[in-house]
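Worksheet: the structure to be examined is printed underneath.
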Amino acid sequence: MGKTLTEKILVKHLVEGTLEKGTDIAIKIDQTLTQDATGTIAYLQFEAMGVDRVQTELSVSYVDHNTLQTDFKNPDDHRYLQSIAARYGLYFSRPGNGICHQLHLERFARPGKTLLGSDSHTPTGGGVGMIAIGAGGLDVAAAMAGESFRLKKPKVVRVYLTGQLQDFISAKDVILEVLRRIGVKGAVNKVLEYTGPGVKTLSVPERGTITNMGTETGATTSIFPSDEITKEFLEAQERGDQWVALEPDKDAVYDETIEINLNELEPLIAEPHSPGNVKTVKELEGLKVDQVCIGSCTNSSLRDLKIAANMLKGKTINNNTVLTVSPGSRQVVNHMIHSGEMAYLVEAGARILENACGPCIGMGLAPKTGAVSLRTFNRNFLGRSGTKSANAYLVSPETAAMAAIEGTITDPRKFGKLPQIDMPMKFMVNDNMIIPPIPLEEAKKVEIVRGPNIKPLPEFNPIPEKLEGELLLKVGDDITTDHIMPAGAKILPLRSNIPEISKFVFSVIDENFHDASLEKGGGFIVGGDNYGQGSSREHAAIAPKYLGIKAVIVKSFARIHLANLINFGIVPLTFVNKEDYDKTGKGDHFEIDLTTLETGRVTLYNITKNIEIPLTHSLSQTEIEELKAGGKLTLIKQKHAN
Ligand code: MIC
Ligand code: SF4
């Protein structure tokens with residue numbers, strides 16, 4: 001029986017389990033990446049593991065999220081991260097160099113390798129044919145310490161592409177079409193593997209847009225084959241020697257198939273407040289647009305900026321619309337400057353921002369009250385832009401540029417003739433903002449620099465056999481980590497300080513959550529389907545744990561958040577019968593007996609309503625042990641101490 005590309009790479013990295021029957025597998029990780037907002041906690045955990053140097057082939061620490069620096073906190077974190085990289089043998093990408101996923105694709109991603117990143121959009125690397133997975137910081141720290149990475153053996157979905165994209169329709173529309181078909185939980189524990197003749201029509205950065213935003217379907221990762229186009233890209237990045245040809249077997253067997261004819265795609269748009277609310281641009285034409293933002297790890301490649309710049313050339317943005325551009329990397333900026341195309345954006349009135357995450361994570365440029373904001377980003381969750389009343393829509397760079405010109409949502413095909421863009425044969429490679437690792441003997445002398453905002457990680461105790469307390473919050477379906485632990489300019493700088501950041505847990509939904517949790521000695525949360533979708537931020541588990549949350553009981557979980565809850569000792573349980581969700585109410589007193597956890601079943605006693613509710617879970621034996629110990633870190637520390 002033929003193998004999918006996913007299986008071929010996984011088999012080569014398999015440490016435990018089998019792909020034939022397996023449920024849980026463990027794989028060897030070749031590369032890791034972190035970014036600053038998840039990195040500080042990840043490295044505090046790595047330090048606690050007591051390992052002398054990273055054990056991977058390559059580990060990179062990027063700084064791209066917290067670059068606003070409204071006070072000392074962020075630059076202190078940057079210095080900490082730089083000193084950690086020097087001490088433990090990592091590459092350090094300095095602030096100002098660009099967004100981790102764009103940079104990793106340009107400079108480090110390699111076909112056939114595995115990459116684990118403490119950011120949910122790590123699958124961008126799948127654009128060159130690697131297995132690139134997003135995870136919580138603790139799992140990435142463990143991989144740096146040489147631990148394998150455990151995951152549910154994913155199902156492999158073939159996304160069969162035929163045809164070719166028509167003018168003004170681009171990679172963003174492909175992934176929006178996937179989202180339109182399967183929604184934000186359609187690929188949980190699945191890999192989206194792209195095949196078919198249409199693949200050859202897409203460049204690596206376009207493939208990166210698609211694998212990047214595959215995250216929004218809940219997928220474990222997304223992957224393209226490594227072909228002649230991959231080879232050309234790597235050669236243009238002066239990395240031709242890293243190319244290997246990789247494709248699925250002709251008779252590969254897939255669990256499911258999605259067919260997309262690229263010829264038939266239209267410009268698409270995701271409405272507020274979910275990337276899964278996909279409509280055609282035509283359906284929303286005429287809506288006034290206050291803000292247009294071009295950038296983020298989804299759409300900030302040279303190709304994307306060039307198309308936007310050439311559409312804006314010689315024009316002025318609409319009087320009532322603000323346009324921001326945040327390029328993906330210094331390489332992109334440099335090309336745009338040298339080709340003169342940056343001038344087209346500036347002359348049209350664009351506000352050129354730093355090449356960093358910026359407005360994508362609410363770090364500046366928040367839209368006005370009630371604004372319509374069109375973004376080339378990957379997420380439009382409530383409040384994420386920094387303005388709770390704003391309505392964010394997700395679009396391609398073509399649709400974004402068109403809206404900036406017209407001031408309304410407009411089908412970009414009305415622009416006229418598609419401007420031609422020239423892509424360079426060789427990229428302007430300059431790694432002078434990436435500090436390489438230093439030899440171990442020298443590294444051992446490096447002093448770790450810690451600012452006053454970097455607080456030690458709280459220690460968590462083993463969990464008791466009986467959990468007791470109040471249902472503190474009941475939420476619905478598709479609760480994101482942006483609801484649980486919001487980001488933005490005010491909160492993101494507190495990522496290295498759990499007691500402080502915990503004040504904002506669930507603040508978008510219930511401003512009282514922090515105080516009430518502490519007052520009541522902690523308690524429980526009940527949720528619907530796909531609880532914890534979105535980011536990899538483990539703060540969405542650590543901070544609730546700090547507030548005393550004992551268990552989260554839901555209809556279903558998103559993959560990374562589930563792992564983070566286990567890692568920090570919050571018991572993740574699901575209803576055996578989804579209707580039992582209705583038998584709970586805020587304020588109910590719960591008791592859960594965990595002695596039967598190993599059997600896969602536990603009982604929730606709703607004391608207030610005097611009923612018993614059967615619960616289940618997907619925990620493996622190892623996960624049960626980690627959970628009972630109060631989290632995975634305790635066990636890893638014990639292992640490395642021996
Ligand atoms: C995001 O896009 O939500 C983030 C910010 O990049 C997160 C990571 C974080 O919260 O630091 C992610 O995608 O994992
Ligand atoms: Fe940064 Fe936005 Fe990408 Fe997250 S989604 S890594 S915040 S650009």
Side-chain angles (χ1 to χ4, degrees), residues 33-42 62-68 74 77 81 93 95 98-105 116-125 132-137 139-140 172 175 208-209 211-216 218 275 293-301 304 324-329 332 353-365 375-386 392 394 480-489 491-496 501 504 532-543 558-561 563-564:
L33 73 76
T34 56
Q35 40 87 343
D36 52 321
T38 54
T40 47
I41 290 282
Y62 294 95
V63 178
D64 52 4
H65 283 63
N66 262 319
T67 55
L68 210 50
N74 296 158
D77 283 356
L81 293 171
S93 170
I99 307 175
C100 57
H101 307 303
Q102 170 70 22
L103 286 168
H104 207 82
L105 196 67
L116 196 69
S118 66
D119 191 282
S120 66
H121 292 106
T122 303
T124 313
I133 303 178
D139 286 322
V140 177
K172 182 61 149 284
I175 189 61
T209 295
T211 55
N212 171 287
M213 206 172 161
T215 297
E216 271 51 65
C293 302
I294 297 177
S296 93
C297 55
T298 319
N299 275 126
S300 59
S301 69
D304 290 336
T324 76
V325 177
S326 33
S329 69
V332 172
L353 307 179
E354 188 179 4
N355 35 305
C357 298
C360 175
I361 189 61
M363 294 304 275
L365 268 297
R375 318 181 133 213
T376 66
F377 308 164
N378 47 37
R379 291 184 173 148
N380 55 350
F381 302 145
L382 179 72
R384 185 174 160 103
S385 64
L394 308 172
T480 73
T481 52
D482 279 270
H483 292 102
I484 306 170
M485 187 70 265
I491 308 174
L492 213 50
L494 302 171
R495 284 287 180 96
S496 317
I501 204 167
F504 298 92
Q533 70 157 317
S535 87
S536 69
R537 65 189 71 144
E538 52 193 346
H539 302 75
I542 309 176
R559 179 186 63 88
I560 309 179
H561 187 60
N564 286 337

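Bear in mind the structure is a predicted one, so any value in this text is a computation, not a measurement. In this chain, numbering begins with 1 at the start of the sequence shown. Whatever order the structure lists them in is the order used to number ligands and atoms, beginning at 1.
- Side chain of Arg537 to backbone of Met485: a donor-acceptor contact under 3.5 angstrom is found.
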With side chain to side chain donor-acceptor pair (under 3.5 Å) as the test, would you mind laying out the steps for Asn299 and Thr376 before giving the verdict?
CA-CA 6 Å; Asn299 275 126; Thr376 66; 4.6 Å; no

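- Near His121, meaning under 4.0 Å from one of its heavy atoms, ligand 2 places the atoms 5 (S).
- Contact annotation for His539 and ligand 1: no heavy atom of the residue comes within less than 4.0 Å of the ligand.
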Check against side chain to side chain donor-acceptor pair (under 3.5 Å), Ser120 and Arg379:
CA-CA 12 Å; Ser120 66; Arg379 291 184 173 148; 2.8 Å; yes

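- Close contacts between ligand 1 and His65 involve ligand atoms 4 (C), 5 (C), 6 (O) [criterion: under 4.0 Å to a heavy atom].
- Residue contacts with ligand 2 for Gln35 are absent, since no atom lies close enough (heavy atoms, distance under 4.0 Å).
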Pair Ile361-Arg384, side chain to side chain contact (heavy atoms under 4.5 Å, CB included): steps then yes or no:
CA-CA 6 Å; Ile361 189 61; Arg384 185 174 160 103; 3.6 Å; yes

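- At a 4.0 Å heavy-atom cut-off, ligand 2 does not touch Asp64 at all.
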Starting from the C-alpha separation in whole Å, work towards a yes-or-no answer on side chain to side chain donor-acceptor pair (under 3.5 Å) for Asn212 and His101.
CA-CA 8 Å; Asn212 171 287; His101 307 303; 5.5 Å; no

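- Applying the 4.0 Å criterion to heavy atoms of Arg384 picks out, from ligand 2, the atoms 2 (Fe), 5 (S), 7 (S).
- Heavy-atom contacts of His65 reach the following atoms of ligand 2: 1 (Fe), 4 (Fe), 6 (S), 7 (S) (cutoff under 4.0 Å).
- Any N or O atom pair closer than 3.5 Å counts here, and Arg379 shares at least one such pair with ligand 1.
- Short contacts between ligand 2 and Cys360, defined as distances under 4.0 Å to a heavy atom of the residue, involve ligand atoms 2 (Fe), 5 (S), 7 (S), 8 (S).
- Residue Asp36 forms a side-chain contact (heavy atoms from CB on, under 4.5 Å) with just one option from Leu492, Leu81, Asp77, and that option is Leu81.
- Taking every non-hydrogen atom of Asn378 and a distance limit under 4.0 Å, the qualifying atoms of ligand 2 come out as 5 (S).
- Looking from atom 11 (O) of ligand 1 to the surrounding protein, the closest heavy atom is Arg495 NH1, 2.8 Å.
- The contact set between ligand 2 and Ile361, taken as ligand atoms under 4.0 Å from a residue heavy atom, comprises 7 (S).
- Side-chain contact between Pro359 and Ser326: present, with at least one pair of heavy atoms (C-beta onward) separated by less than 4.5 Å.
- Annotation: Thr38 places no N or O atom under 3.5 Å from an N or O atom of ligand 1; distance criterion only.
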Verify side chain to side chain contact (heavy atoms under 4.5 Å, CB included) between Cys293 and Leu365, making sure each step is shown before the conclusion.
CA-CA 9 Å; Cys293 302; Leu365 268 297; 5.8 Å; no

Kindly determine whether Ser536 and His121 satisfy side chain to side chain contact (heavy atoms under 4.5 Å, CB included), including the steps that lead there.
CA-CA 9 Å; Ser536 69; His121 292 106; over 6 Å; no

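- Distance alone, capped at 3.5 Å, places no donor-acceptor pair between the Thr481 side chain and the Gly534 backbone.
- Interface of Ile361 with ligand 1, defined as ligand atoms under 4.0 Å from a residue heavy atom, comprises 5 (C).
- At distances below 3.5 Å, at least one donor-acceptor pair connects side-chain atoms of Lys172 with backbone N or O atoms of Phe377.
- Each of the following atoms of ligand 1 lies closer than 4.0 Å to a heavy atom of Asp119: 4 (C), 6 (O), 7 (C), 8 (C), 12 (C), 13 (O), 14 (O).
- Of the heavy atoms in Thr298, none comes closer than 4.0 Å to ligand 2.
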In sequence, state the C-alpha distance, the side-chain angles, and the governing distance for Met363 and Thr67, and then conclude on side chain to side chain contact (heavy atoms under 4.5 Å, CB included).
CA-CA 8 Å; Met363 294 304 275; Thr67 55; over 6 Å; no

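- Nearest protein neighbour of atom 1 (Fe) of ligand 2, counting heavy atoms only, is Cys357 SG, 2.3 Å.
- Taking 4.5 Å as the limit, every side-chain heavy atom of Ser300 sits out of range of all side-chain heavy atoms of Ile294.
- In the vicinity of Ser536, heavy-atom distances shorter than 4.0 Å reach the ligand 1 atoms 12 (C), 14 (O).
- For atom 1 (Fe) of ligand 2, the set of nearby N, O or S atoms under 2.8 Å includes none belonging to His101.
- Closest heavy-atom approach to atom 12 (C) of ligand 1 within the set Gly117, Ala37, Ala487, Ser535: this belongs to Ser535.
- Atoms of ligand 2 lying under 4.0 Å from at least one heavy atom of Cys297, given by number and element, are 3 (Fe), 5 (S), 6 (S), 8 (S).
- Comparing heavy-atom distances from atom 8 (C) of ligand 1 across Gln35, Arg537, Arg384 singles out Gln35 as nearest.
- Here the side chain of His539 pairs a donor or acceptor atom with the backbone of Arg495 at under 3.5 angstrom.
- Within ligand 1, the atoms closer than 4.0 Å to a non-hydrogen atom of His121 are 13 (O), numbered from 1 in the order shown.
- At the shortest separation from atom 13 (O) of ligand 1 among protein heavy atoms lies Ser120 OG, 2.6 Å.
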